[in-house]
Number of protein chains: 2
Amino acid sequence: MNLVYDPQHHLNQPVTSADRVLLAVQQAIVEGELPAGSKITETGLAKQFNVSRAPLREALARLERCHLVERTPNAGARVVTLTYDGLIALYQIREELEGLACRLAAERMADEEIEALSKLLEQHLASQRVREGESYYQEAGDVDFHYRVILASKNQYLINMLCDELYFLVRMYRVQLGMNGPRVSRAFDEHKAIINAIANRDGELADLLMRRHISASRKNIEQKLSAHKEVS
Amino acid sequence: MNLVYDPQHHLNQPVTSADRVLLAVQQAIVEGELPAGSKITETGLAKQFNVSRAPLREALARLERCHLVERTPNAGARVVTLTYDGLIALYQIREELEGLACRLAAERMADEEIEALSKLLEQHLASQRVREGESYYQEAGDVDFHYRVILASKNQYLINMLCDELYFLVRMYRVQLGMNGPRVSRAFDEHKAIINAIANRDGELADLLMRRHISASRKNIEQKLSAHKEVS
DNA sequence: TTCTTCTTAATTGTCGACAATCTTGTGGGT
DNA sequence: ACCCACAAGATTGTCGACAATTAAGAAGAA
C-alpha cells in the first residue's frame, strides 16, 4: 500500500506527456530532488524525461503557475527559493481562503459528505495512534482533510487556487523544512472541532476555527524556523 | 490621451511574441471580441496574429491561468462562459483577498505612498465631476485604486493572484455585463474612507471597509443582473 | 426517421531544426 | 590590477512538419 498522497485526486489522470512530466517535476521540486534555487535548463530536463522541449515547456508554464519555478524571458527558469517572508505570505493567504472555504463547506456540504469526512478523521486518528509519530502519514492526513474541505466549498476558483496553485508550495515548505508532526494530536482535535462546526452548519465558527488552525500551524513553523536559525 | 487602462503596469513590458499575443487575446476576450463560450482553434488564432503555434500555445496556457479560457486535453480551448454563480464565486474570493491586501497595505505602505494614492483619488474625483457619467473612466479609476492597494500589500502571492489571475475576469464581467457606473459617487466615498483607514494605520478597519466596498459592488451587480433577467 | 458504425477531415500533441538572445570567457586598453 | 569591448558558446524563442487523437459526416440497419 502506497501512503504517498496524490495531491491531484480531484483532477483527471495525466493524459499527455506534458502532464506526466509536470507531475514528475512537481514531485522532484517538492521533495528537493531539484534543489531550491537551482537553474532549470529545458534541454536537460527534456532529455532526463525522454520528451521533447515542447511538452516540457508546457510543464514549465504550469510549474510557474503553482509558484514552483520562476521564469524570466530569454533567461530561463529557476526553482523557487524558500524564504521566511514567503512562508508568512503563503500562510496569510491560506488563512483567508481556507477560512472562506470552510464557511462555504459548512453551508454546502451534503450530510453524507460530512459523515464521510468525519469517518475519515476517525480513521486517521486510529492510524496515527498505531504509528505514533510516523509523520508523513500525518501530513497526508492533514493535507487530505484540507483538500476535502476545499473541494466541499464548491467554489471553482477557490479550488483551483488552493489545490492547484498553492498546495504544492505548502507541501514543499513542509517537506524541505522538515515539518514532521509534533502538532499531531492538537491538529486532530482542531480538525475535529472544525468538522463539528460544519456539521452544525455554523459557517462563521467553522471559518474562525479554520483560520485559527492555520494560524497555529504557521506559528508552529515560525517557532521551528527561529529555533533552526539559532543553530545555524 | 489614451484612457484605456493597462492592467499589467506592474509587470515588465512584453518582450516575446507570446507576450504580445497574450495581451491581444486577453483584451479580445475581455472586450467580447472573442465571444464568451466560443471555441478557440490554435491554427486560427496563430494565423490571425501572424505567429506560429508555439508562442500561441504559451499564451493559451497563461490565458488558462487567468481563467479566461478553459482547455481540455486533445479537445482544445474555449473562451469561458460568464455565469451568475461564477460571478458570485469570484467576488467571494475578492472580498477575502482584497480585504487582506487592504490590511497589509495599512501596515506596510510608506507615508509618501499613502499621500500619492490620496492625491490620485482627488484627481479621479475631479475628472469624474467634469465628465459626469462617463463610466469607463470610472472603471479605470476604480481598477487603478484597487491595483494600488493590492500592490501595496507587498505580498507577492496576493499580487499575482489578484492582478494576474482574477482581475481580467473582473474586467470581463464588468465590460460584458455593462457595469457602467451608477455607483460612482458612492464608490469614491468608499475609496476615501478606505484610504483614511490606511492613513490612520487601522488595518482592521481598512480590511472591513474594503470587504464592504466589494460586497456592495457585488450586490450592485447582482441587482442589475436580476433586473436584466426580468427583461429577457 | 433515428441510431449506430465507420470513414474522413480537422485539431491538438510532439518533434527536430533554426533564429534570436543571453551568458561566459578572452583579449586589449587604461 | 581593473574595466570594457568583443567573440564563442550555450540557452531560450520560434517555426514548420509529422503523429496521435478527437470531432464531423456519410452510410447502413433497425
Side-chain angles (χ1 to χ4, degrees), chain A residues 8 11-29 33-81 160 164, chain B residues 8 11-26 28-29 33-81 164:
Chain A
Q8 295 199 324
L11 290 178
N12 297 332
Q13 291 273 74
V15 289
T16 166
S17 16
D19 293 340
R20 285 186 293 105
V21 173
L22 173 66
L23 286 179
V25 180
Q26 273 176 335
Q27 181 167 344
I29 291 179
E33 192 178 331
L34 288 177
S38 63
K39 187 164 192 326
I40 288 181
T41 63
E42 297 181 355
T43 320
L45 269 191
K47 276 181 184 169
Q48 192 170 331
F49 287 98
N50 277 70
V51 292
S52 169
R53 278 178 55 215
L56 186 114
R57 281 173 67 88
E58 176 91 24
L60 275 186
R62 299 193 211 166
L63 284 170
E64 188 181 25
R65 175 180 173 184
C66 53
H67 307 278
L68 290 184
V69 307
E70 290 168 351
R71 297 167 89 192
T72 49
N74 287 318
R78 308 191 78 88
V79 179
V80 292
T81 59
N160 276 333
D164 297 342
Chain B
Q8 294 200 324
L11 290 179
N12 297 332
Q13 291 274 73
V15 289
T16 165
S17 10
D19 292 340
R20 286 186 293 105
V21 173
L22 173 66
L23 287 178
V25 180
Q26 273 176 335
I29 292 179
E33 192 177 332
L34 288 176
S38 62
K39 187 164 191 324
I40 287 181
T41 63
E42 296 180 357
T43 321
L45 269 192
K47 279 181 183 168
Q48 192 169 331
F49 288 99
N50 277 69
V51 292
S52 169
R53 279 179 55 215
L56 187 114
R57 281 173 67 89
E58 175 91 25
L60 275 185
R62 299 194 210 165
L63 284 169
E64 188 181 26
R65 175 180 171 184
C66 54
H67 307 278
L68 290 184
V69 307
E70 289 168 352
R71 297 167 89 191
T72 48
N74 287 317
R78 308 191 78 88
V79 179
V80 292
T81 58
D164 297 342

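Naming: A, B, ... by sequence-line order, numbering from 1 per chain. As a basis for the values below, the full set of heavy atoms in this structure was taken, side chains included, without hydrogen atoms, waters or symmetry mates.
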Given atom [atom1] of [X] and atom [atom2] of [N], what is their separation to the nearest angstrom?
X: A:Asn74; N: C:dT21; atom1: CG; atom2: P; value: 7 Å
X: B:Leu56; N: C:dG13; atom1: CG; atom2: P; value: 12 Å
X: A:Glu58; N: C:dT14; atom1: CD; atom2: P; value: 8 Å
X: A:Glu42; N: D:dT14; atom1: CD; atom2: C1'; value: 12 Å
X: A:Leu45; N: D:dT12; atom1: CG; atom2: P; value: 10 Å
X: A:Arg71; N: C:dC22; atom1: CZ; atom2: C1'; value: 16 Å
X: A:Asp19; N: C:dT14; atom1: CG; atom2: P; value: 8 Å
X: B:Arg78; N: C:dT12; atom1: CZ; atom2: P; value: 11 Å

>> Let me confirm one number: the CD1-CD1 distance from B:Ile40 to B:Ile29, rounded to the nearest 0.5 Å.
In response: 4.5 Å

>> What contact category does A:Ile40 fall into here, base, sugar-phosphate, or nothing, at under 4.0 angstrom with non-hydrogen atoms?
In response: sugar-phosphate

>> Any base atoms under 4.0 Å from B:Ala75, or only sugar-phosphate, or nothing? Heavy atoms, all strands.
In response: sugar-phosphate

>> Quick check on A:Lys47: does its NZ atom have over 12 non-hydrogen neighbours (other residues, nucleotides or ligands) under 6.0 Å away?
In response: no

> Distance-only, no hydrogens or angles: does the A:Arg71 side chain make a donor-acceptor pair with backbone N or O of A:Ala77 under 3.5 Å?
Replying inline: no

>> If we ignore hydrogens and angles and just use 3.5 Å, is the side chain of B:Arg78 paired with the main-chain N or O of B:Glu70 as donor and acceptor?
In response: no

Could you work out which one of [options] sits closest to the side chain of [X]?
X: B:Thr16; options: D:dT12, C:dC15, D:dG13; answer: D:dG13
X: B:Ser17; options: C:dG13, C:dT14, D:dG13; answer: D:dG13
X: B:Arg57; options: D:dG13, C:dC15, C:dG13; answer: C:dG13
X: A:Ala54; options: C:dT11, C:dT14, C:dG13; answer: C:dT14

>> Tell me the closest heavy-atom pair linking B:Ala46 and B:Ser52, and the distance in Å.
In response: CB-O, 4.0 Å

> For C:dC15, does either OP1 or OP2 sit under 4.0 Å from a side-chain N or O belonging to A:Lys47?
Replying inline: no

>> With a 4.0 Å cutoff (strictly under), does any side-chain N or O of B:Arg53 reach OP1 or OP2 of D:dG16?
In response: no

